[in-house]
Amino acid sequence: MPNFVAPEVKKFMTWDYIIFAALFLVSASIGVFFAVKERKKKNSKEFLVGGRQMTCGPIAFSLTSSFMSAVTVLGTPSEVYRYGASFVLFFLSYTLVIIFTSELFLPVFYRSGITSTYEYLELRFNKMVRLAATLIYILQTILYTGIVVYAPSLALNQVTGFDLWGSVAATGIVCTFYCTLGGLKAVVWTDAFQMVVMVAGFMAVLIRGTSLNGGVTKVWEDAHEGSRLNIFDFDVDPLRRHTFWTIIIGGTFTWLGLYGVNQSTIQRCISCKSERHAKLALYLNLLGLWTVLVCAVFCGLVMYSHYKSCDPWTAAFISAPDQLMPYFVMDIFSSMPGVPGLFVACAFSGTLSTVAASINALATVTFEDLVKKGFPNISEKMSTWISKGLCVLYGVLCTSMAAAASLLGGVVQASLSIHGMCGGPTLGLFTLGIVFPCANWKGALGGLLAGISLAFWAGTGSFIYPAPPTKSIPLQLSTLNCTLANSTKALLTAAPTLAPERPLLADTWYSLSYLYFSAIGCVGCAITGLLISFITGPTKGEDIPPVLIKPVCDLFCFWSKKLKRFLWCGVQHDSLEMDFEKKLPEAAANKTRTDKTFKNNTNKENNHQIRGYNSEENSYTNISKESRL
């Protein structure tokens, strides 16, 4: 391969450092503010779920900022630059995900009065199922957070020369600091600030990049000529990396595991003061997801227009595709001090929000599902200190996982693969509980193990034996106008080597698109769980409180009450159609009588966990801590 002379790209200047440092300072200050403001009334519930009095606005910002991390800021433009704009089809996946989350999963979680989503699994099945799902979530979140910490640190290393692992440590320390001090309220309001920074960074890159490359029309023409606008590929081959079907079907399963049953999302939603606010937050968040996605896709197209004849990745000016975006920023803003600092702050905004959300969610799950079960009589003051200690512990663990993230390749594929392998089976488990009243705890546990096994089998196999290049080859990139180095060194031609032997499944099962890992885990869990439940004896619907089941059959059988009741499998949903609050004591009593079957010993909690219905507003309102004690 010929040697090229890399153009001089300036590094950070004083103003860049000032703007970048301001982001960390403001984020840390928000944590201090909430720590001081609410130090007198802080308890474990206030710390972990904000007292359940949040409104939809900041929660919507927080959700968008948390899940549009540096993986989106750095990885998505690089994906579009190399593979084309088909990534924009995720806007359909996001829409389906938000609808399913707000209408199927959220009402069940909210009305159950839970703090951890995994409390639901104990109410519906038993402790063993809850513990298994909790451990899988902890593993998933630590792995994913490692990638999110590593990605912007790599970018900062590229554009500033900062020590890579020094950047990783700084990110972890700041996130852990404001999570530990301020709890969920600090996380939510910091996320809202960081969302503004993220969009500002994207807009600066779009405006400057478009003006330098001849305007929107010229950028669009370049993208069309470079085949970057071939969005709708309806090939049904599941081995193709990105097609219409892999993004719509696989993307929906992947993001539903991330949104619909993920502790980080649900924890924010149940912190809202009413179910109506929680749903509104999700739909407002959808607008944010669309905005960030469109910005990221257009940044990729602008970047392609700028480098269409001298690709810095092919010319070896950069060492990884995920460095394309920061390299582009330093290139186009070389004469504008301060703007590169804004972009790097944009990338780190996504990271800080995601890592903070993960740390807070991990602390909540561990405290509610592990600590409180082992020490049920722990005092409120000790509970708060333990919650803060868990924030510190997970901050260290998530930061340490960044070392493993450096070995996983592209940040987008790596992060979504992890969500698919862990989130898919978990999604299947919650679907079993919420949609299928006949599912029992044996089916739930067996289905979860089957789903995890299938998803990790496919995911690990694809990591060891990557798909053939014909299924995932990037679009053409050119180095025609790159400057050749004046070198007299002879170009060495490597001797041809034999391709390593691949097993029989390498070109089929292991070559599935990474977006299907979640679907494999979810469907495998659901089918296996139902089979085991029927073999071992399905759960009687009469023994399940209606608040724990969502009667989705009502959507398709609205014309026949008789058919609806048949499909309810014995669950007494009549109470929901008539006057819900009159039936709540009866549902609580039914649950208490069947606790021996579920083996979860939650008799004292259940009478409280299904309260909160407001008959005047015809909605559910969170129960304050005082009314639950």
- [ ] Walk me through it: do Gln140 and Asn262 pass the test side chain to side chain contact (heavy atoms under 4.5 Å, CB included)?
- [x] CA-CA 10 Å; Gln140 170 192 357; Asn262 186 280; 4.3 Å; yes

Task: Side chain Ser513, main chain Tyr516, donor-acceptor under 3.5 Å - done: no

TODO: Decide yes or no for Ile136 and Leu448: does some side-chain heavy atom of the first lie under 4.5 Å from some side-chain heavy atom of the second?
DONE: yes

Task: Residues forming a ring-ring contact (aromatic ring centres under 6.0 Å, His included) with Phe109, sequence neighbours excluded - done: Tyr120, Phe430

TODO: Determine yes or no for a side-chain-to-main-chain donor-acceptor pair under 3.5 angstrom, with Ser309 supplying the side chain and Leu480 the backbone.
DONE: no

Open item on the list: Taking Phe234's backbone N and O only, do any of them form a donor-acceptor pair with Trp245's side chain (distance below 3.5 Å, no angle check)?
Closed with: yes

Task: Beyond-backbone contact of Thr426 with Tyr137, side-chain heavy atoms, under 4.5 angstrom - done: no

- [ ] Working to the nearest 0.5 Å, report the span between CG of Leu139 and OG1 of Thr134.
- [x] 12.5 Å

Open item on the list: Is a donor from one side chain sitting under 3.5 angstrom from an acceptor on the other, for Asp233 and Ser86?
Closed with: no

Can I get a per-line list of side-chain donor-acceptor pairs under 3.5 Å for residues 451-460, giving both atom names and the distance, sequence neighbours left out?
| unit_1 | atom_1 | unit_2 | atom_2 | d |
| --- | --- | --- | --- | --- |
| Ser453 | OG | Leu449 | O | 2.7 |
| Trp457 | NE1 | Tyr510 | OH | 3.1 |
| Thr460 | OG1 | Phe456 | O | 2.7 |

Open item on the list: Tell me whether Trp220 at atom CH2 has more than 12 heavy atoms from other residues, nucleotides or ligands lying less than 6.0 Å away.
Closed with: no

- [ ] Carefully, step by step, assess Phe328 and Val302 under the rule side chain to side chain contact (heavy atoms under 4.5 Å, CB included).
- [x] CA-CA 10 Å; Phe328 174 58; Val302 170; 3.8 Å; yes

Open item on the list: Is it the case that the side chain of Ser511 and the backbone of Ala506 share a donor-acceptor pair, with hydrogens and angles ignored and the cut-off at 3.5 Å?
Closed with: yes

- [ ] Check whether any side-chain heavy atom of Asp222 lies under 4.5 Å from a side-chain heavy atom of Asn213, and answer yes or no.
- [x] no

TODO: Specify whether Phe90 and His242 have parallel, tilted or perpendicular ring planes, treating 30° as the upper limit for parallel and 60° as the lower limit for perpendicular.
DONE: perpendicular

Open item on the list: Going by side-chain contact (heavy atoms from CB on, under 4.5 Å), Tyr81 matches just one of His306, Lys308, Met303. Which one?
Closed with: Met303

TODO: State, with a plain yes or no, whether a side-chain heavy atom of Leu63 is found less than 4.5 Å away from one of Tyr259.
DONE: yes

Task: Short side-chain to backbone donor-acceptor contact, Arg124 and Ala439, under 3.5 Å - done: yes

Task: Aromatic ring pairing Phe232/Phe244, orientation class (parallel under 30°, perpendicular over 60°, tilted between) - done: tilted

Open item on the list: Looking at Trp290 and Phe91, would you say the former's side chain and the latter's main chain have a donor-acceptor pair under 3.5 Å?
Closed with: yes

- [ ] Ignoring hydrogens and angles, state whether a donor on the side chain of Tyr394 or Thr366 is under 3.5 Å from an acceptor on the partner side chain.
- [x] yes

Open item on the list: Tell me every residue that passes side-chain contact (heavy atoms from CB on, under 4.5 Å) with Ser518, counting only those two or more places apart in sequence or in another chain.
Closed with: Phe253, Thr254

Task: Residues Thr479 and Asp311: side-chain donor-acceptor under 3.5 angstrom - done: no

Task: Phe317 CZ to Leu324 CG distance, which is reported to the nearest 0.5 Å - done: 12.0 Å

- [ ] Answer yes or no: does atom OH of Tyr83 have more than 12 heavy-atom neighbours from other residues, nucleotides or ligands under 6.0 Å?
- [x] yes

